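Inspection log for the structure reproduced underneath, given as structure tokens.
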Amino acid sequence: MSLSPQSRRLWRDVTLFDGLHVLPVPMTVLVAGAQVAGLWPRGEFDERLAAGAVESGRGGVMTPGLIDCHTHLVYAGNRADEFEQRLEGASYAEIAKAGGGILSTVRATRAASEEQLIAASLPRLDALLADGVTTVEIKSGYGLTLADELKMLRVARQLGELRPVRVMTTLLGAHALPPEYAGRADDYIRLVCEEMIPAAAAAGLADAVDVFCEGIAFSPAQCELVFQAAQRHGLALKAHAEQLSNLGGSALAARYGALSADHIEYLDEAGVQAMAAAGTVAVLLPGAFHCLRETQLPPIDLLRQYGVPMALASDANPGTSPICMPSLLANLACTLFRLTPREALAGMTAHAANALGLPGLGRIVVGASADLCLWDIQHPAELAYAVQAGRLRQRIFNGAVSHER
């Protein structure tokens with residue numbers, strides 16, 4: 001085995017979670033450049049390969065870098081007042097119909113400059129990075145005009161230049177009906193399809209297109225038009241679906257080959273079957289479930305039965321999941337949705353990578369990108385068991401240590 005002497009790092013005696021499984025024996029991990037170059041059980045490593053490598057750590061638990069595959073990280077303002085209203089009995093739908101909810105954030109985001117949005121978003125991104133995230137998806141959807149949606153996507157791209165993190169961007173123009181289009185939802189969908197999607201694709205600002213298929217947002221027929229427009233411009237598809245009711249949005253997304261259907265609390269067996277047949281990932285968002293005090297659980301047993309991969313994400317947003325701590329989400333997924341700790345961690349690594357169309361990420365295998373986390377714990381299950389900051393010893397992005405404690 002021949003390896004370049006440059007940019008080589010070595011970790012010894014780590015408990016390894018490879019993205020899907022906990023390996024049963026302590027492992028030695030060698031990184032060369034930006035890739036995982038070799039993995040050996042304890043006692044099988046050829047010490048000649050250590051020549052010139054930087055000894056970077058010993059012991060602890062190594063996982064792939066965490067992947068947050070569903071966030072609304074770029075926005076202005078906050079909605080603490082709505083948090084109070086919900087505690088006093090108002091529903092999410094009632095707040096939205098009264099002009100709050102998403103439209104409240106739209107007003108603040110439209111009024112903010114790109115510089116102001118960057119300043120507001122960086123602390124949220126930094127919180128994700130401090131808890132092990134190396135790849136993050138960021139959606140638009142709080143602009144709802146051509147100029148403001150593109151503004152949000154530009155900010156998201158800039159965040160990826162300001163921090164050592166991989167940013168994937170998603171155009172969510174079909175997030176809510178803006179007030180100036182009240183009673184004219186079809187006209188607004190035409191704007192999304194004929195102006196927003198072509199402009200975002202031409203400028204290289206979007207990797208995917210998302211829709212909110214729900215009674216308080218857009219119908220399956222309207223979402224289908226958005227999917228068709230996205231496909232014409234070569235963009236991947238995602239969907240907010242079955243969060244508050246069952247409109248068949250997940251099955252529709254699967255029919256169009258969507259990467260994921262997200263939320264899915266009201267998903268039925270037919271929808272699960274459609275997702276299984278299409279390879280569409282189910283993205284679970286326990287933060288929103290928790291903050292909204294929902295009671296309708298996603299169909300975890302059906303997803304397991306049909307082999308639908310379950311990703312896990314923060315849904316970081318100002319209204320329904322103001323949470324930027326992935327390890328807390330792992331705990332919530334286990335306690336609220338009854339995922340196992342291994343399922344939760346796979347949901348934030350290998351399955352989250354597939355939900356973004358990035359199958360080369362989220363695994364620790366030879367040849368994979370060297371996006372890694374080294375944790376000061378004894379077993380991977382501890383990441384879901386305890387809600388505790390400060391356990392990240394090292395965060396490695398593209399083979400370089402970008403955080404070390």
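Here the structure is a predicted model, which is why all the values come from computation and not from measurement.
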Check whether any side-chain N or O of E242 sits under 3.5 Å from a backbone N or O of S250 as a donor-acceptor pair, and report yes or no. yes
Between D315 and K139, does any side-chain N to carboxylate O distance fall below 4.0 Å? no
Between the CG atom in L244 and the CG atom in L292, the distance rounded to the nearest 0.5 Å is 8.0 Å
Side chains of W40 and L30: does their closest heavy-atom pair fall under 4.5 Å? yes
Note: M325 and A389 closest approach over all heavy atoms is CE-N, 3.8 Å
Would you find a donor on one side and an acceptor on the other, under 3.5 Å apart, between the side chain of E44 and the backbone of P41? no
For L374, which of R405, M62, R58 qualifies under side chain to side chain contact (heavy atoms under 4.5 Å, CB included)? M62
Rounded distance (nearest 0.5 Å) linking atom CZ of F337 with atom CG of L329: 9.5 Å
Is the NZ or CZ atom of R163 positioned over F397's six-membered ring, under 6.0 angstrom from the centre and within 45° of the axis? no
Salt-bridge present (E47, R12; N to O < 4.0 Å): yes
Could you name each residue pair satisfying salt bridge (charged side-chain N to carboxylate O under 4.0 Å, His left out) that touches residues 244-257, not counting sequence neighbours? none
Identify the two heavy atoms, one from V272 and one from L302, that lie closest to each other, and give their separation to 0.1 Å. CG1-O, 3.6 Å
I'd like to check L162 versus L122 (side-chain heavy atoms, cut-off strictly below 4.5 Å). Are they in contact? yes
Rounded distance [0.5 Å steps], CG in L16 versus OG1 in T28: 10.5 Å
Just wondering, are more than 12 heavy atoms of other shown residues or ligands nearer than 6.0 Å to CZ in F45? yes
Where is the tightest heavy-atom contact between A76 and T105, given as atom of each residue plus distance? O-CG2, 3.9 Å
Parallel, tilted or perpendicular: ring planes of H175 versus Y142, cut at 30 and 60 degrees: tilted
Could you state the interatomic distance from CD1 (I216) to CD (E94), rounded to the nearest 0.5 Å? 11.5 Å
Measure across H290 and L336 and return the closest heavy-atom pair with its distance rounded to 0.1 Å. CB-CD1, 3.9 Å
Pairs under 3.5 angstrom only: tabulate donor-acceptor contacts from the side chains of residues 366-373 to other protein residues two or more places apart or in another chain.
unit_1 : atom_1 : unit_2 : atom_2 : d
D371   : OD1    : N398   : N      : 2.9
D371   : OD2    : R166   : NH1    : 2.6
D371   : OD2    : R166   : NH2    : 3.2

Hey, does L103 have a side-chain heavy atom less than 4.5 Å from the side chain of L144? yes
Are the side chain of T280 and the backbone N or O of L259 linked by a donor-acceptor pair below 3.5 Å? no
Does some side-chain heavy atom of N354 sit less than 4.5 Å from a side-chain heavy atom of P309? no
Taking all non-hydrogen atoms of both residues, which atom of L284 and which atom of I300 are closest, and how far apart? CD1-CD1, 3.7 Å
Is there a side-chain contact between L128 and L73 (heavy atoms, below 4.5 Å)? yes
Take R338 and L297 through the side-chain contact (heavy atoms from CB on, under 4.5 Å) test and state the conclusion after the steps. CA-CA 10 Å; R338 303 296 191 267; L297 290 165; over 6 Å; no
Whether R79 side chain and P322 backbone form a donor-acceptor pair below 3.5 Å: no
Would you name the heavy atoms of I189 and A174 that are closest together and state the gap between them? CD1-CB, 4.2 Å
So, the side chain of S327 versus the backbone of V387: is there a donor-acceptor pair under 3.5 Å, distance only? no
Which residues share a side-chain contact (heavy atoms from CB on, under 4.5 Å) with T145, sequence neighbours left out: R110, A147, D148, E180
A352 meets the side-chain contact (heavy atoms from CB on, under 4.5 Å) criterion, sequence neighbours left out, with I67, C69, A311
If you measure from OH on Y181 to CZ on R190, what distance do you get to the nearest 0.5 Å? 9.5 Å
Report the C-alpha separation of S245 and E214 in whole Å, then their side-chain angles, then the decisive distance to 0.1 Å, and conclude whether the side-chain hydrogen bond (donor to acceptor under 3.5 Å, both in side chains) test is met. CA-CA 7 Å; S245 63; E214 192 53 75; 2.4 Å; yes
Suppose we screen for ring-ring contact (aromatic ring centres under 6.0 Å, His included). Which residues come up paired with F227, at least two apart in sequence or across chains? Y256
Run the numbers on E137 and K238 for salt bridge (Lys or Arg N to Asp or Glu O under 4.0 Å), then give the verdict. CA-CA 12 Å; E137 184 253 23; K238 301 175 74 66; 5.0 Å; no
Without placing hydrogens or testing angles, list every side-chain donor-acceptor pair under 3.5 Å for residues 377-386, not counting sequence neighbours.
unit_1 : atom_1 : unit_2 : atom_2 : d
H379   : ND1    : A381   : N      : 3.0
E382   : OE2    : Q378   : N      : 2.8
E382   : OE2    : H379   : N      : 3.0

Passes side-chain contact (heavy atoms from CB on, under 4.5 Å), T135 versus V165? Steps please. CA-CA 6 Å; T135 298; V165 64; 5.7 Å; no
So does H240 get a backbone contact from the side chain of D210, meaning a donor-acceptor N/O pair under 3.5 Å? yes
When you measure from the side chain of E114 to the backbone of V155, do you find a donor-acceptor pair of N or O atoms at a distance under 3.5 Å? no
Does either side chain, that of Q243 or that of E265, offer a donor lying less than 3.5 Å from an acceptor on the other one? no
With distance as the sole test, does T169 use its side chain to make a donor-acceptor pair with the main-chain N or O of L205 at under 3.5 Å? yes
Could you tell me whether the side chain of R395 and the main chain of L392 form a donor-acceptor pair under 3.5 Å? no
What's the separation between atom CG in L332 and atom SG in C291, rounded to the nearest 0.5 Å? 8.5 Å
Donor-acceptor pair, side chain of S260 and main chain of V281, under 3.5 angstrom: no
Start with the C-alpha gap between Y306 and E269, add the side-chain angles, then the distance that decides, and say whether side-chain hydrogen bond (donor to acceptor under 3.5 Å, both in side chains) holds. CA-CA 9 Å; Y306 285 96; E269 186 166 5; 2.4 Å; yes
